Number of protein chains: 2
Amino acid sequence: MPTIKDVARLAGVTVTTVSRVLNNRGYISDATRQKVYQAMEELNYQPNEIARSLHRRKSKLIGLIIPTVSHPFFGELAGFIEYYAHLIGYKVLICNSLLDRKKEKEYIEMLKSNRVDGIIMGSHTLEVEEYMNLNYPIVTFDRRISEEIPYISSDNYGGGKLATHLLIQKGCKKIAHISGNLQLQLLANKRSQAFIELSKEHGIESVIVETELNVFDITQYEAMIRNLLEKHPDIDGVFASSDVMAAYFIQIGYFLNRRIPEDIKIVGYDDIKLASLFVPPLTTIRQPIEEMAKCAVELIVRQVNEEPFERENVFPVELIERLTT
Amino acid sequence: MPTIKDVARLAGVTVTTVSRVLNNRGYISDATRQKVYQAMEELNYQPNEIARSLHRRKSKLIGLIIPTVSHPFFGELAGFIEYYAHLIGYKVLICNSLLDRKKEKEYIEMLKSNRVDGIIMGSHTLEVEEYMNLNYPIVTFDRRISEEIPYISSDNYGGGKLATHLLIQKGCKKIAHISGNLQLQLLANKRSQAFIELSKEHGIESVIVETELNVFDITQYEAMIRNLLEKHPDIDGVFASSDVMAAYFIQIGYFLNRRIPEDIKIVGYDDIKLASLFVPPLTTIRQPIEEMAKCAVELIVRQVNEEPFERENVFPVELIERLTT
DNA sequence: TTCAATATGTCAATCGTTTGACATAAAAAA
DNA sequence: TTTTTTATGTCAAACGATTGACATATTGAA
């Protein structure tokens with residue numbers, strides 16, 4: 001690979017001059033500028049970003065830790081994050097923690113070693129303190145960690161309310177909520193909270209089941225749901241904490257010959273792209289994934305540039321009513 | 001951030017010694033090793049991987065260019081690629097080209113500038129020559145570019161045959177195939193080829209529609225499919241070139257009151273995780289995504305290490321018969 | 001006692017770029 | 001003609017590590 005020296009030699013100038021045209025500083029005549037460009041062209045020269053990073057102590061890299069990019073919600077989130085990062089010259093390193101505490105830690109160390117400019121955390125199993133002394137531009141999804149670290153979330157409570165309210169309003173008599181693991185202390189837990197409060201308030205019978213800790217694997221959903229429907233065959237409304245869970249529910253309902261929405265109504269959460277393609281199309285609570293992704297990138301950049309930023313970034317959700325309710 | 005010098009100072013040794021314990025070379029007594037470790041601990045020292053990369057001229061970085069990580073197939077692929085890369089100490093930079101020729105090129109330049117050790121290309125719009133003089137460890141998905149560049153694909157022809165054969169065998173009289181854009185010269189085109197050949201061979205009426213060039217956006221699918229069904233209302237079998245397309249078909253069928261599989265049978269391609277959750281669960285051609293991802297990482301590493309590797313890596317597919325046929 | 005093995009240090013170059021300080025020369029403006 | 005401005009060059013340090021060559025000191029074994 002050619003270096004700046006090769007370019008200088010070929011163009012008949014010094015590396016200082018090449019650097020000057022490369023970085024647009026100082027005086028440069030058009031003639032030499034052209035000579036330099038031509039030499040770069042000829043050699044197919046690409047400035048070594050590693051050397052640059054080393055020197056300027058900025059890598060233009062953002063680390064993204066999520067459970068897994070193969071989950072539709074996180075896939076979409078990652079897609080938008082990369083999109084907005086790329087717009088402003090940042091690259092993104094993906095890390096799939098699989099909600100494994102050890103991997104999460106490993107990834108954080110790795111990202112620090114690689115001197116990423118900031119870390120976007122969409123996966124949370126670690127103790128709060130471990131983040132605290134991270135001393136790094138960070139933004140978290142769905143988790144409040146300390147007074148300083150900014151976080152992004154959807155209006156979980158509002159979403160939970162919208163979903164639960166819809167079920168009640170549609171005449172459900174006994175409703176269930178399937179949530180992620182509640183020990184994880186995520187802000188998503190507020191969805192459950194809203195569910196509980198609202199059903200109590202309306203005197204509606206309700207049950208909650210949650211997924212196991214550390215199990216992101218999707219296979220357990222099925223057993224969980226079948227179990228739920230066996231124990232409570234009279235459930236006629238379900239609020240699932242993600243569209244993927246809702247998909248399981250729809251399917252199991254189909255196999256169990258429960259008509260949707262006639263026998264059981266279902267509301268999901270996220271509004272992943274495929275939600276509208278389910279049969280029947282899924283009623284769900286839409287998180288503004290794109291806006292949240294954009295915000296995450298912005299929060300990192302603001303911290304890098306030492307600009308002021310909001311600590312609380314709660315995005316409004318929207319009820320997307322389709323045909324499962 | 002502390003440097004190796006700070007560690008040396010605190011441990012009361014020279015940087016050479018610290019480097020020696022860091023890299024396990026030369027003689028080191030247990031005592032000093034401990035002193036050094038302790039100093040690293042105390043300072044919360046993380047060796048600067050950027051400096052290391054610069055020195056060893058290896059970044060331990062793999063670039064991954066795909067249309068978008070938010071597409072389930074590529075999301076799953078990316079997930080596995082990151083998984084296997086991480087196992088052997090590689091990191092992955094994701095690039096979502098959105099099948100945009102300009103972005104694709106930009107990303108390649110960017111990845112080269114960042115001196116990634118290799119590039120995995122799952123997005124192809126560029127001219128072949130542009131890759132040829134890339135002179136870089138590369139592996140492509142679903143495209144044969146030159147004599148030297150290794151590629152990975154599923155047995156597209158076999159898959160197309162399996163799908164088409166199934167439809168015919170199930171008694172379909174007029175079958176359709178929805179494919180990606182055929183101008184892209186992907187090996188995936190062999191699916192269409194198999195479809196055409198087999199339907200001709202069996203004397204079955206058939207139609208093919210393909211998506212537009214450069215449009216990865218999913219929204220066009222719907223119009224396309226509705227259009228197809230309007231023009232050919234007597235279609236009773238469909239082979240979709242991806243599970244996402246199949247999902248559209250299932251849904252539109254649902255809205256048009258065509259029963260699946262009674263009125264129309266559908267076969268997808270990929271076997272994304274959600275395919276089994278469709279209603280009815282989708283019959284599809286399974287690509288061994290995980291194995292393909294693993295293979296991609298391996299091919300990069302082998303090229304980096306100058307070990308021998310296979311140029312052709314065609315993976316067997318499998319018919320997963322569920323309930324849409 | 002002597003030699004080899006072990007343990008550490010010193011020094012400096014290298015990876016590829018940026019940048020500041022300074023010098024010099026040509027072109028343009030006064 | 002003199003002074004500025006513009007254009008380039010020279011030199012060297014810095015970013016944070018690794019590494020080779022060599023020196024020296026302490027052990028332990030023969």
Side-chain angles (χ1 to χ4, degrees), chain A residues 1-40 43-61 89 109-117 304, chain B residues 1-40 43-61 89 109-117 304:
Chain A
M1 279 256 162
T3 73
I4 198 174
K5 288 187 192 168
D6 301 315
V7 175
R9 198 174 310 127
L10 184 60
V13 299
T14 62
V15 297
T16 306
T17 304
V18 177
S19 176
R20 284 204 259 254
V21 349
L22 226 39
N23 298 287
N24 256 316
R25 17 184 324 123
Y27 296 115
I28 288 288
S29 72
D30 257 11
T32 34
R33 194 185 296 275
Q34 288 319 312
K35 268 194 306 184
V36 170
Y37 278 141
Q38 203 183 314
M40 298 202 298
L43 293 171
N44 206 338
Y45 169 75
Q46 314 268 143
N48 185 328
E49 283 298 328
I50 295 183
R52 285 180 149 182
S53 294
L54 180 59
H55 187 268
R56 78 171 106 83
R57 268 95 87 50
K58 287 266 158 68
S59 61
K60 288 277 183 181
L61 226 47
E109 305 286 274
M110 183 275 274
L111 292 174
K112 287 173 75 178
S113 279
N114 283 277
R115 301 297 190 267
V116 299
D117 291 344
V304 169
Chain B
M1 279 256 161
T3 73
I4 197 172
K5 288 186 193 169
D6 301 315
V7 175
R9 198 173 310 127
L10 184 61
V13 298
T14 62
V15 296
T16 306
T17 304
V18 176
S19 175
R20 284 203 260 254
V21 348
L22 227 41
N23 298 286
N24 255 316
R25 19 185 322 124
Y27 296 115
I28 289 288
S29 72
D30 257 11
T32 34
R33 194 186 297 274
Q34 288 318 313
K35 269 196 305 187
V36 171
Y37 279 141
Q38 202 181 315
M40 300 202 297
L43 293 171
N44 207 339
Y45 169 77
Q46 315 266 143
N48 185 327
E49 282 299 327
I50 295 184
R52 283 179 152 183
S53 294
L54 179 61
H55 187 267
R56 78 170 107 82
R57 269 96 84 55
K58 287 267 158 69
S59 61
K60 287 278 180 178
L61 227 47
E109 305 286 274
M110 183 276 273
L111 292 174
K112 286 172 77 178
S113 280
N114 282 277
R115 300 298 190 267
V116 298
D117 291 344
V304 170

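What you see is a predicted model; the values in this text were computed from it and never measured. Just so you know, these numbers use all the heavy atoms, side chains as well, and skip hydrogens, waters and symmetry mates.
Rounded to an integer number of Å, the gap from Asn24(A) CG to dT8(D) P is 13 Å. Atom NZ in Lys5(A) sits roughly 12 Å away from atom P in dA13(C) (whole-Å rounding). Look at CE on Met1(B): it is 11 Å from P on dA17(D), rounded to the nearest Å. Protein atom CD1 of Ile4(A) is 15 Å distant from nucleotide atom C1' of dC15(D), rounded to whole Å. Atom CG in Asn23(A) sits roughly 13 Å away from atom C1' in dG16(C) (whole-Å rounding). Rounded to whole angstrom, the span from the CE atom of Met40(B) across to the P atom of dA17(D) amounts to 11 Å.
Residue-environment remark: CD (Gln38(B)) stays at or below the threshold of 12 foreign heavy atoms within 6.0 Å.
Distance alone, capped at 3.5 Å, is enough to place a donor-acceptor pair between the Arg115(A) side chain and the Lys112(A) backbone.
Here the closest heavy-atom approach between residue Asp117(B) and residue Ser59(B) is recorded as OD1-N, 3.0 Å. Taking each heavy atom of Val21(A) and Val36(A) in turn, the nearest pair found is CG2-CG1, 3.7 Å.
Side-chain contact check for Arg33(A) versus Asn24(A): some heavy-atom pair is nearer than 4.5 Å. Asn48(A) is not listed as a side-chain neighbour of Thr3(A), based on a closest heavy-atom distance of 4.5 Å or more.
Among residues two or more places apart in sequence or in another chain, the side chain to side chain donor-acceptor pair (under 3.5 Å) test is passed with Asn44(A) by none. For Thr32(B), the side-chain contact (heavy atoms from CB on, under 4.5 Å) criterion is met by Val13(B), Ile28(B), Ser29(B), Lys35(B), not counting sequence neighbours. Residues forming a side chain to side chain donor-acceptor pair (under 3.5 Å) with Arg52(A) (at least two apart in sequence, or on another chain): Glu49(A). Remark: Gln34(B) engages no residue in a side chain to side chain donor-acceptor pair (under 3.5 Å) (not counting sequence neighbours). With sequence neighbours excluded, the residues that form a side-chain contact (heavy atoms from CB on, under 4.5 Å) with Ile4(B) are Val15(B), Val18(B), Ser19(B), Leu22(B), Tyr45(B). Taking Arg9(B) as the reference, Asp6(B) meet the side chain to side chain donor-acceptor pair (under 3.5 Å) condition, with sequence neighbours excluded.
Heavy-atom distances under 4.0 Å link DNA chain C to Leu54(B), His55(B), Arg57(B) of residues 43-58 of chain B, given in residue order.
Rounded to the nearest 0.5 angstrom, Ser53(A) OG and Asn114(B) CG are separated by 6.5 Å.
For Ser19(A), a side-chain nitrogen or oxygen approaches OP1 or OP2 of dT18(C) to under 4.0 Å.
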Using a cutoff of under 3.5 Å, can you pull out all pairs of nitrogen or oxygen atoms linking the protein to nucleotides 5-9 of chain C, with atom names and distances?
residue : atom : partner  : partner atom : Å
dT6(C)  : OP2  : Tyr27(B) : OH           : 2.8
dT8(C)  : OP1  : Ser29(B) : OG           : 2.8
dT8(C)  : OP1  : Thr32(B) : OG1          : 2.9
dT8(C)  : OP2  : Ser29(B) : N            : 2.5
dT8(C)  : OP2  : Ser29(B) : OG           : 3.0
dT8(C)  : OP2  : Thr32(B) : OG1          : 2.5
dG9(C)  : OP2  : Thr14(B) : N            : 3.2
dG9(C)  : OP2  : Thr14(B) : OG1          : 3.4
dG9(C)  : OP2  : Thr17(B) : OG1          : 2.3
dG9(C)  : N7   : Arg20(B) : NH2          : 2.8

Taking N or O atoms only and anything under 3.5 Å, show me the protein contacts with nucleotides 28-30 of chain D, one pair per line.
none

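Relative to the axis of its first five pairs, the axis of the last five pairs of the helix from dT1(C)-dA30(D) to dA29(C)-dT2(D) sits at 30°, rounded to 10 degrees.
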